[in-house]
Amino acid sequence: MSRPYNIGLDIGTSSIGWSVVDDQSKLVSVRGKYGYGVRLYDEGQTAAERRSFRTTRRRLKRRKWRLGLLREIFEPYITPVDDTFFLRQKQSNLSPKDQRKLYPQTSLFNDRTDRAFYDDYPTIYHLRYKLMTEKRQFDIREIYLAMHHIVKYRGHFLNEAPVSSFKSSEINLVAHFDRLNTIFADLFSESGFQLETDKLAEVKALLLDNQQSASNRQRQALSLIYTPSTNKAVEKQNKAIATELLKAILGLKAKFNVLTGIKAEDVKAWTLTFNAENFDEEMVKLESSLDDNAHQIIESLQELYSGVLLAGIVPENQSLSQAMITKYDDHQKHLKMLKAVREALAPGDRQRLKQAYDQYVDGQENTKAYSKEDFYGDITKALKNNPDHPIVSEIKKLIELDQFMPKQRTKDNGAIPHQLHQQELDRIIENQQQYYPWLAELNPNSKRQTVAKYKLDELVTFRVPYYVGPLITAEQQRQSSDAKFAWMIRKAEGRITPWNFDDKVDRQASANEFIKRMTTTDTYLLAEDVLPKQSLIYQRFEVLNELNGLKIDDQPITTELKQAIFTDLFMQKITRIVKSSATLSTYS
């Protein structure tokens, strides 16, 4: 091309548009065609999905690590009684026809059948409860199986209350509402929305009342948590925020864009429920729209939801095993009701009822998950032609209260904290220590005995700090797999266990390395580290930047007034950050 030309580029996330024009901005012909076009390519993806897989592998590896330590403690005492017990346990999930199975015709125990064991203990929670309450010597293998279950499914660590005083029904509404009000004061400053805190005892009683449906509880609690406004526009907004907040806490579908003050075009994408199995996946899709305030609101509401859910799973004055045994008994009683009403149904409805129950118990139909809501829907359809049957009305009432045919193993168990499992572990140890004194061996780490009294307790309470990462040094990981996901710094060589962790791992150096590897450099001041958004220096810059454009009667404000406003605004920002950080550390 002989004459001058210009190239224009429109660079997007998944395409690049280009054009060739002359100095008069007219398209130039290139080889007989106008010079413009577009190049399409796949949009760049974040590492979030791969990170989640890596996190899951790490979590499962640490679970296997804890269970291996438990086996090491029990092996010297179980092997003399049953030398192939652990081999049979390892292969107990295989079919009797599987050629790899050690003893195809034998049970987990070498001296009794599995049927005899299940007759004594229909579920693992029946065994745990008897180990806590019956004053007799139990088979050491039974104790191991109960503790294996406790260590394997030890619960979450969102609550830092000491195990000695922990109660499942305790929900600190005051702390949560104060935290939310601090955020709302900044987020909804125009409407002045604030949660009322003078009737929280009444609000708590309503939230925990499982004799009413969640929607009824939400409607009754609404007038207790906010003060109506005479301004219609303000009242509409405040009522909407309070309504969605209660819906979120009770596990109903809530509009999270309303709660976080975000203007969303696709409201459906923001209508979520903590009760959904794909909640975390949906939140990842909205991540780019969430700021710090939104994250803190969602975290606080999710903690409240977990607290209300836990109070429903484990009622006051009951242990976890007692609550699970009650679920088992209720399921059995409701199954008898279902069988009784089945005889009065038409053949088609009878078949639908059977299929619904089979899918509900199995949990899956082909590859699609079959939820409790699906089960309730199919049951309601199967029973709709017999509305006057007395058992049908009772079943419908239980469905409305979300109490029909409960199961022990559900996704709701994610709300169970580790303290409840540790309490049962301690009760088993104290009940059986007269027969097996070694069970009550104190924690070798004396500094941790107030948190985990017994050596076995540490398998439930100990967590590898997130800032330590994989229990391997960066050099060892590079040698073994050429990966770069480890940064731990050691104090001494040797095997790491929960009891010698502080002797083997340098916590402070590992934490520094964790921060260092996450720190990036500035794009303008090359080679300079970036500042955290909530650091004092950056917050000072934000306030000054806001004040630069401030005018009164089209005149810049005086230096003295700017200094006074700066001091006030800066202290407000820092106070909010400190309060949020303190609250987050309490609940993390």
Side-chain angles (χ1 to χ4, degrees), residues 171-264 266-276 279 282-283 286 289-312 402 576 579-580 583-584 587:
I171 301 174
N172 194 344
L173 283 180
V174 175
H176 283 89
F177 275 34
D178 284 346
R179 176 189 180 190
L180 288 169
N181 278 338
T182 301
I183 302 170
F184 289 153
D186 182 35
L187 198 60
F188 303 115
S189 56
E190 292 184 6
S191 66
F193 176 77
Q194 289 283 280
L195 294 166
E196 294 294 331
T197 58
D198 55 346
K199 297 180 180 178
L200 291 186
E202 194 174 344
V203 172
K204 179 181 175 180
L206 266 175
L207 295 177
L208 301 183
D209 184 6
N210 60 5
Q211 297 305 309
Q212 296 189 64
S213 66
S215 55
N216 282 342
R217 284 179 276 168
Q218 176 259 312
R219 285 191 290 268
Q220 291 183 43
L222 182 60
S223 61
L224 302 176
I225 67 167
Y226 90 105
T227 302
S229 172
T230 54
N231 185 309
K232 290 185 178 181
V234 171
E235 166 63 11
K236 183 179 179 181
Q237 180 182 359
N238 289 354
K239 185 176 181 180
I241 297 169
T243 300
E244 302 306 323
L245 183 140
L246 287 171
K247 285 182 178 179
I249 293 173
L250 290 167
L252 299 171
K253 285 188 176 180
K255 297 175 182 176
F256 281 82
N257 60 309
V258 174
L259 287 168
T260 54
I262 296 173
K263 295 181 180 179
D266 185 6
V267 178
K268 187 176 180 181
W270 288 86
T271 305
L272 304 169
T273 169
F274 289 128
N275 195 33
F279 176 79
E282 295 300 319
M283 288 307 301
L286 304 173
S289 303
L290 302 176
D291 57 13
D292 289 343
N293 283 337
H295 277 294
Q296 291 181 39
I297 290 170
I298 293 171
E299 286 170 4
S300 189
L301 294 179
Q302 195 163 20
E303 289 159 12
L304 281 171
Y305 163 74
S306 296
V308 172
L309 184 62
L310 177 62
D402 198 31
R576 283 199 298 271
K579 282 186 177 180
S580 299
T583 310
L584 280 170
Y587 296 114

Quiz item: What closest approach, in Å, do Ala242 and Leu222 show between heavy atoms, and which atom pair accounts for it?
Solution: CB-CD1, 3.7 Å
Quiz prompt | Atom pair CG/CG of Asn275 and Leu252 - distance to nearest 0.5 Å | solution = 9.0 Å
Exercise. Indicate yes or no: at least one non-hydrogen side-chain atom of Thr197 is less than 4.5 angstrom from one of Asn181.
Key: yes
Quiz prompt | Greater than 12 external heavy atoms within 6.0 Å of Lys255's NZ | solution = no
Quiz prompt | side chain to side chain donor-acceptor pair (under 3.5 Å), paired with Ser213, selected from Asn210, Asn216, Asp209 | solution = Asn216
Quiz item: Are side-chain heavy atoms of Leu245 and Leu195 found at a separation under 4.5 Å?
Solution: yes
Quiz prompt | Side-chain donor/acceptor of Arg217 to backbone N/O of Leu250, under 3.5 Å | solution = no
Practice problem: Test Thr243 against Val258 for side chain to side chain contact (heavy atoms under 4.5 Å, CB included), laying out the working first. | Solution: CA-CA 10 Å; Thr243 300; Val258 174; over 6 Å; no
Self-check item: CG on Leu187 to CD1 on Ile262, rounded to 0.5 Å
Solution: 8.0 Å
Quiz item: Any side-chain heavy-atom pair from Gln296 and Arg179 closer than 4.5 angstrom?
Solution: yes
Quiz item: What is the minimum heavy-atom distance between Ser300 and His176, and which atoms define it?
Solution: OG-CD2, 3.4 Å
Quiz item: Under 3.5 Å, is there a donor-acceptor pair between the Gln212 and Gln220 side chains?
Solution: yes
Quiz prompt | From OG1 (Thr271) to NZ (Lys247), nearest 0.5 Å | solution = 9.0 Å
Quiz prompt | Side-chain heavy atoms of Asp291 within contact of Thr260, under 4.5 Å | solution = no
Quiz item: Which atom names give the shortest non-hydrogen contact between Tyr305 and Gly251, and what distance separates them?
Solution: CE1-CA, 3.6 Å
Quiz item: How many angstroms lie between CD1 in Ile225 and NZ in Lys199, if you round to the nearest 0.5 Å?
Solution: 12.0 Å
Self-check item: Polar side-chain atom of Ser306 near backbone of Gln302 as donor-acceptor pair, under 3.5 Å
Solution: yes
Practice problem: Identify the heavy atoms of Ala248 and Ala254 that sit nearest to each other, and give their distance. | Solution: N-CB, 3.8 Å
Quiz prompt | Close side-chain approach of Phe256 and Ile297, heavy atoms under 4.5 Å | solution = no
Quiz item: Quick check: does any side chain N or O of Glu244 sit under 3.5 Å from a backbone N or O of Leu259, one acting as donor and the other as acceptor?
Solution: no
Self-check item: Inter-residue atom distance Gln237.CD - Phe193.CZ, 0.5 Å rounding
Solution: 9.0 Å
Quiz item: When rounded to the nearest 0.5 angstrom, what distance separates CG in Leu180 from CG in Leu301?
Solution: 5.5 Å
Exercise. Report yes if some heavy atom in the side chain of Ile298 is under 4.5 Å from a heavy atom in the side chain of Met283; otherwise report no.
Key: yes
Quiz item: Is any side-chain heavy atom of Phe177 closer than 4.5 Å to a side-chain heavy atom of Gln194?
Solution: no
Quiz item: For the residue pair Ala294 and Leu290, what are the closest heavy atoms and their distance?
Solution: CB-CD2, 3.8 Å
Exercise. Would you mind reporting whether Thr273 and Phe279 have side-chain heavy atoms less than 4.5 Å apart?
Key: no
Quiz prompt | Step-by-step side chain to side chain contact (heavy atoms under 4.5 Å, CB included) determination, Leu207 to Leu304 | solution = CA-CA 10 Å; Leu207 295 177; Leu304 281 171; over 6 Å; no
Quiz prompt | Side-chain donor-acceptor pair present, Thr227, Glu196, cut-off under 3.5 Å | solution = yes
